[in-house]
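Single-structure report; data block below.
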Amino acid sequence: MKFRPLHDRVVVRRIEQEEKTKGGIIIPDTAKEKPQEGEVIAVGPGSRDEQGKLVALDVKAGDRVLFGKWSGTEVKIEGEELLIMKESDLLGVVEK
């Protein structure tokens with residue numbers, strides 16, 4: 001991808017959830033909610049503090065993150081639907 005977010009923004013690809021529940025019930029597309037988990041694709045350089053120093057972001061490309069249901073702006077880059085959001089919109093990093 002040839003897109004670099006600015007400041008404290010990150011680009012996230014949604015991670016699709018399974019189409020079945022643990023009990024084996026198949027969830028139709030019309031009943032599915034948009035996933036609130038994604039993978040960070042690209043990060044900006046960070047924000048500036050009051051003294052003008054660059055403050056790096058806590059997330060990096062490849063991190064799995066959780067975000068709010070209505071967070072970010074949906075964009076299509078090179079045919080792929082992605083989200084651009086501020087780091088502060090992220091709720092946390094999923095660690096394995």
Side-chain angles (χ1 to χ4, degrees):
M1 174 175 42
K2 294 182 169 102
F3 180 81
R4 181 179 53 91
L6 299 176
H7 308 294
D8 63 340
R9 289 181 174 76
V10 296
V11 179
V12 177
R13 176 188 304 129
R14 288 186 194 268
I15 297 174
E16 294 299 323
Q17 296 174 340
E18 293 191 34
E19 297 182 7
K20 285 187 190 179
T21 64
K22 291 181 181 179
I25 299 172
I26 297 175
I27 303 170
D29 289 338
T30 54
K32 283 187 196 175
E33 290 191 18
K34 291 185 177 182
Q36 293 175 281
E37 185 175 351
E39 178 185 1
V40 176
I41 304 301
V43 297
S47 59
R48 301 249 177 217
D49 64 9
E50 293 177 9
Q51 289 76 34
K53 293 183 182 177
L54 191 64
V55 178
L57 301 181
D58 290 332
V59 296
K60 60 187 179 307
D63 283 351
R64 285 180 75 122
V65 294
L66 296 177
F67 48 88
K69 187 179 279 191
W70 307 109
S71 298
T73 302
E74 293 183 355
V75 295
K76 194 174 245 188
I77 300 173
E78 295 178 0
E80 184 176 15
E81 290 189 20
L82 302 169
L83 288 169
I84 299 176
M85 63 183 75
K86 289 187 165 239
E87 184 188 35
S88 60
D89 291 339
L90 299 176
L91 302 175
V93 176
V94 179
E95 296 179 353
K96 292 188 177 188

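Along the sequence shown, the residues carry numbers beginning at 1.
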Measure across [X] and [Y] and return the closest heavy-atom pair with its distance rounded to 0.1 Å.
{"X": "L83", "Y": "G72", "result": "CD2-C, 4.5 Å"}
{"X": "S47", "Y": "D8", "result": "CB-CB, 4.1 Å"}
{"X": "P5", "Y": "V43", "result": "CG-C, 3.6 Å"}

Could you walk me through whether V65 and V94 pass the side-chain contact (heavy atoms from CB on, under 4.5 Å) check?
CA-CA 6 Å; V65 294; V94 179; over 6 Å; no
Quick one: pull up [atom1] in [X] and [atom2] in [Y] and give me the separation to the nearest 0.5 Å.
{"X": "I84", "Y": "L6", "atom1": "CD1", "atom2": "CG", "value": "9.0 Å"}
{"X": "L66", "Y": "E37", "atom1": "CG", "atom2": "CD", "value": "5.5 Å"}
{"X": "E78", "Y": "K76", "atom1": "CD", "atom2": "NZ", "value": "12.5 Å"}
{"X": "S88", "Y": "L57", "atom1": "OG", "atom2": "CG", "value": "10.0 Å"}
{"X": "T73", "Y": "R9", "atom1": "OG1", "atom2": "CZ", "value": "8.0 Å"}

Are R14 and E80 close enough for a salt bridge, meaning some N to O gap below 4.0 Å?
no
E39/R64 ion pair, N-O < 4.0 Å:
no
The single option from I77, L82, V75 passing side-chain contact (heavy atoms from CB on, under 4.5 Å) against F3
I77
State plainly whether one hydrophobic cluster holds both V93 and V12, where clusters connect Ile, Leu, Val, Met, Phe, Trp and Tyr through side-chain heavy atoms under 4.5 angstrom apart.
yes
Contact between [X] and [Y] at the side-chain level, heavy atoms closer than 4.5 Å - yes or no?
{"X": "V40", "Y": "K60", "value": "no"}
{"X": "R48", "Y": "V55", "value": "no"}
{"X": "V59", "Y": "L90", "value": "yes"}

